[in-house]
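In what follows, a structure is listed as structure tokens, so that the remarks can point back to it.
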Amino acid sequence: MPFNRKVVYLLLYDCIIVGGGIAGLQAAVQLGRSGRSALVIDAGNGRSAMCRRYRNVLGWPDGISGPELRKIGRQQAESYGARFVDDEAVSAGRNGDAFEVRGASRPDAAYRGSTLLLATGLLDRMPDLPGLAPCLGLTVYVCPDCDGYEVQGRKTIVLGAGDVGANMALALSSRTRDIVYINHEYDHKPVTSELEIKLRERGIEAVAQSIEAVSAEGDGQFAGVTLVDGAMITGERGFIAFGGNEVRTDLAVQLGVERMENKHIVTDPRSKMTNVPRVWAAGDAGVHAEQVTIAMGEGAQAAIWINKTLTEAEAADRS
């Protein structure tokens with residue numbers, strides 16, 4: 001994409017990492033340990049910034065919060081020389097041999113890198129319900145693969161929309177027999193008759209009613225929901241399933257990177273490089289199961305191949 005000629009060109013890094021979540025941080029650590037300069041552009045939000053507890057990460061048997069994991073990861077990456085800028089990347093393009101990324105806070109400046117890693121992640125779509133945020137990742141979850149274990153034998157309420165929420169309730173039925181599904185957007189996202197039948201067969205109560213607020217006890221301990229008609233439905237755990245999550249791959253489109261119909265980025269399974277040379281992707285923006293441990297692995301994997309690519313290019317220049 002064309003850039004304004006009055007732009008201020010900043011230091012050229014070996015790699016620009018867009019996204020300071022788990023994949024981006026792990027990549028920054030790996031690149032630093034490889035002797036590579038990396039700049040992480042971090043908007044400070046995303047899934048990991050909201051999750052109050054990860055309990056399926058090796059080495060953290062009592063769990064660790066997303067913000068704490070990000071804090072530790074940033075400190076670790078900085079110890080290896082990685083630089084960070086708190087900004088939202090809004091545009092990206094190629095200018096000669098370098099990639100240039102613009103941030104919202106400094107539109108006249110271009111962050112420059114020989115390579116580019118998109119670790120932009122996604123944001124779950126959910127209504128702004130009072131009481132919900134303190135429970136996220138602690139007693140209210142989004143991923144049945146990560147946290148289905150947490151609802152075993154507990155009364156669980158699925159807060160969702162249409163068939164997406166119905167399918168979540170069905171997926172959790174192998175973990176607990178006490179499930180209530182509340183279709184918060186029932187007026188324009190009804191549950192199909194086929195899924196209604198399956199819900200009844202599994203003994204799952206389905207409520208077509210909007211939610212007024214989430215009830216919590218103490219520090220983020222989910223206790224149920226209050227509906228708009230004033231009725232209270234109690235529960236011990238909650239799951240979010242509204243669909244329509246925001247996959248943050250707009251920069252990929254600007255760069256000509258291939259995406260699937262669901263907007264996730266397609267990468268080489270071995271190197272995590274996209275169809276655009278010297279552009280990689282890792283984490284929830286890519287095509288895979290959306291888990292923090294997988295994001296870690298992909299961040300390291302991409303960084304290893306970024307270093308290999310730069311090393312090969314440097315050897316070719318010397319010959």
Side-chain angles (χ1 to χ4, degrees), residues 1 13-31 34 36 38-43 45-48 88-95 97-102 111 113-125 142-146 164 167 241-313:
M1 63 175 290
Y13 292 84
D14 288 326
C15 184
I16 298 292
I17 300 173
V18 184
I22 307 307
L25 290 170
Q26 185 68 67
V29 169
Q30 183 67 39
L31 285 169
S34 300
R36 296 296 178 183
L39 175 69
V40 182
I41 305 173
D42 183 19
N45 51 29
R47 260 186 176 179
S48 60
E88 179 185 1
V90 294
S91 64
R94 190 157 193 162
N95 191 347
D97 294 333
F99 292 97
E100 297 179 0
V101 179
R102 300 280 190 84
Y111 305 108
S114 298
T115 62
L116 182 62
L117 171 60
L118 300 175
T120 44
L122 60 77
L123 273 179
D124 295 276
R125 185 179 75 86
V142 299
C143 174
D145 296 320
C146 302
V164 174
N167 280 314
F242 288 91
N245 295 341
E246 177 191 353
V247 186
R248 295 172 152 179
T249 52
D250 290 345
L251 293 181
V253 174
Q254 296 177 24
L255 293 159
V257 169
E258 180 185 0
R259 300 189 306 174
M260 298 183 70
E261 290 183 2
N262 63 7
K263 299 184 179 181
H264 284 275
I265 297 172
V266 178
T267 61
D268 180 89
R270 186 182 185 197
S271 68
K272 309 313 296 180
M273 187 187 286
T274 70
N275 63 299
V276 176
R278 296 198 172 204
V279 177
W280 282 259
D284 288 351
V287 182
H288 69 94
E290 296 163 358
Q291 294 196 19
V292 63
T293 49
I294 292 177
M296 285 182 181
E298 288 192 351
Q301 184 180 1
I304 288 169
W305 282 91
I306 289 169
N307 180 53
K308 287 179 183 289
T309 300
L310 290 170
T311 301
E312 291 172 359

Taking CG in N262 as the centre, count heavy atoms belonging to other residues, nucleotides or ligands within less than 6.0 Å. Is the count above 12?
yes
Rounded to the nearest 0.5 Å, what separation is found between the CG atom of D284 and the CD atom of E298?
8.5 Å
Roughly how far, to the nearest 0.5 Å, is CZ of R94 from CZ of R278?
6.5 Å
Taking atom CG of L31 and atom CD1 of I306, what is their separation to the nearest 0.5 Å?
5.5 Å
Value rounded to 0.5 Å, distance of CD in Q291 from CG in D145
5.5 Å
Please test L116 against V18 for side chain to side chain contact (heavy atoms under 4.5 Å, CB included), starting from the C-alpha separation and ending with a verdict.
CA-CA 8 Å; L116 182 62; V18 184; 3.9 Å; yes
Can you check side chain to side chain contact (heavy atoms under 4.5 Å, CB included) on N245 and R125, steps first, answer last?
CA-CA 5 Å; N245 295 341; R125 185 179 75 86; 4.1 Å; yes
Pair E258, N275: side-chain N/O donor-acceptor within cut-off below 3.5 Å:
no
side-chain hydrogen bond (donor to acceptor under 3.5 Å, both in side chains) between T311 and R36, intermediate numbers included:
CA-CA 10 Å; T311 301; R36 296 296 178 183; 3.0 Å; yes
Checking L255, V90, I41 against V101 for side-chain contact (heavy atoms from CB on, under 4.5 Å), the one that qualifies is I41
Which atoms form the tightest heavy-atom contact between V266 and R259, and what is the distance?
CG2-C, 4.2 Å
I need the single residue from Q30, Q26, K272 that forms a side-chain contact (heavy atoms from CB on, under 4.5 Å) with Q301. Which is it?
K272
Work out which heavy atom in V164 is nearest to a heavy atom in F242; give both atom names and the distance.
CG1-C, 4.1 Å
Quick one: do E290 and C143 satisfy side chain to side chain contact (heavy atoms under 4.5 Å, CB included)? Show the steps, please.
CA-CA 8 Å; E290 296 163 358; C143 174; over 6 Å; no
Value for CZ (R47) from CD1 (I22), rounded to nearest 0.5 Å, stands at 12.0 Å
Kindly compute the distance separating OG1 (T249) from CD1 (I265), expressed to the nearest 0.5 Å.
5.5 Å
